[in-house]
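Notes for the one structure printed next.
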There are 2 protein chains.
Amino acid sequence: MRQVPHPTADELTLVAVMAALSDPVRIGLARVLSDGRERGWGELRAPVAKSTLSHHLKVLRDAGVTRTRQEGTRCYVVLRRADLDRRFPGLLDAVLTAADGEGVGDQVGLAGRR
Amino acid sequence: MRQVPHPTADELTLVAVMAALSDPVRIGLARVLSDGRERGWGELRAPVAKSTLSHHLKVLRDAGVTRTRQEGTRCYVVLRRADLDRRFPGLLDAVLTAADGEGVGDQVGLAGRR
DNA sequence: TATCTTGTTCGACATTCTACGAACATCGAA
DNA sequence: TTCGATGTTCGTAGAATGTCGAACAAGATA
């Protein structure tokens, strides 16, 4: 659980971002983070095992969609909206809007909300 | 080579479209078609075998990104821009713009151009 | 130090994807 | 009818993906 590396804004690739956002669970995670607030790992609720959730968060992180910060044993995740908007203008908003309309990733949410 | 089915505009799903546009060859095909003109199969140039190209065009077609029309033994492909824009506003433009900037799918082109 | 919490990593497995060449189907042309 | 051109489909192979539970590592806490 050491500090994990992230791609810089310049290293983001369209194909990686598109692939990262091609999965319902990951789209759901992006939606949960879309208000820009940082969320603790523990707040996230998804219908998958924790190892699978870890995997999905890694895919998002490696693609540069999210940034993960360590703090003790806890992790905090935040959407890299500014970086994404700079490299791929309009893409994130288009995906989030479409996902909202379609309900993609609705199974993903935050603890204490239903 | 009978008439193939296409999803209606309402049947398009975000996940399918995102997945379809997560591959460099398919992004390249979308770019080639992005001027809205219908292109003949034979015009398309991609660095893959023809069976693989057929596969990629099927993925795009099944996702509703393109429409394929038969005419004799030939096929013609066109981007379903209006349908995509209606269902997922801004998505296609964002992807095409990003792809242009990054040169994704540059290996794909039209016959007689280099 | 011993234990609990938190998240990652490690097999394992089934599924899907990309890719190829070969065989096939269909239509047009000779 | 025979041949050629055009795409699709099939069989195959290798790589990647999504998923899980179990084992592990690192801090926090008792």
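Every chain is numbered from 1, with letters handed out A, B, ... down the list of sequences.
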Rounded distance in Å - OH (Tyr76(B)) to P (dC27(C)): 15 Å
side-chain hydrogen bond (donor to acceptor under 3.5 Å, both in side chains) evaluation trace for Arg26(A) with His56(A): CA-CA 6 Å; Arg26(A) 293 195 294 262; His56(A) 284 308; 3.1 Å; yes
Length of the CG-C1' vector between Asp23(B) and dA16(D), whole Å: 13 Å
Salt-bridge present (Asp10(A), Arg86(A); N to O < 4.0 Å): yes
Sugar-phosphate, base or nothing in reach of Lys58(B), heavy atoms under 4.0 Å: nothing
Residue-phosphate contact under 4.0 Å: Arg74(A) side-chain N/O, dA28(D) OP1/OP2: no
Carboxylate-amine/guanidinium contact Arg67(B) Glu38(B), below 4.0 Å: no
N/O (side chain, Trp41(B)) to phosphate O (OP1/OP2, dA5(D)) under 4.0 Å: no
Of the listed nucleotides dA5(D), dT18(C), dA22(D), the one nearest the side chain of Thr73(B): dA5(D)
Integer-rounded Å distance: dG21(D) P and Leu53(A) CG: 14 Å
Nucleotide dG28(C), atom P - distance to CD of Glu71(B) in whole Å: 10 Å
Residue pair Val78(B) / Leu33(B): nearest heavy atoms and the distance that separates them: C-CD1, 4.5 Å
For atom NE2 of His55(B) and atom P of dG21(C), their distance in whole Å: 16 Å
Sugar-phosphate only, base, or nothing, as touched by His56(B) at under 4.0 Å among non-hydrogen atoms: sugar-phosphate
Whole angstrom value for the distance that separates C1' of dT8(D) from CG of Leu44(B): 16 Å
Check: dG18(D) base within 3.5 Å donor-acceptor of Thr52(A) side chain: no
Salt-bridge present (Arg39(A), Asp35(A); N to O < 4.0 Å): yes
Sugar-phosphate, base or nothing in reach of Arg61(B), heavy atoms under 4.0 Å: sugar-phosphate
Value in whole Å for how far the P atom of dT18(C) lies from CG of Leu60(B): 10 Å
Proximity to the side chain of Ser51(A) - top-ranked nucleotide from dT19(D), dT9(C), dG7(C): dT9(C)
Length of the NZ-C1' vector between Lys50(B) and dG21(C), whole Å: 10 Å
Check: dG7(D) base within 3.5 Å donor-acceptor of Ser54(B) side chain: no
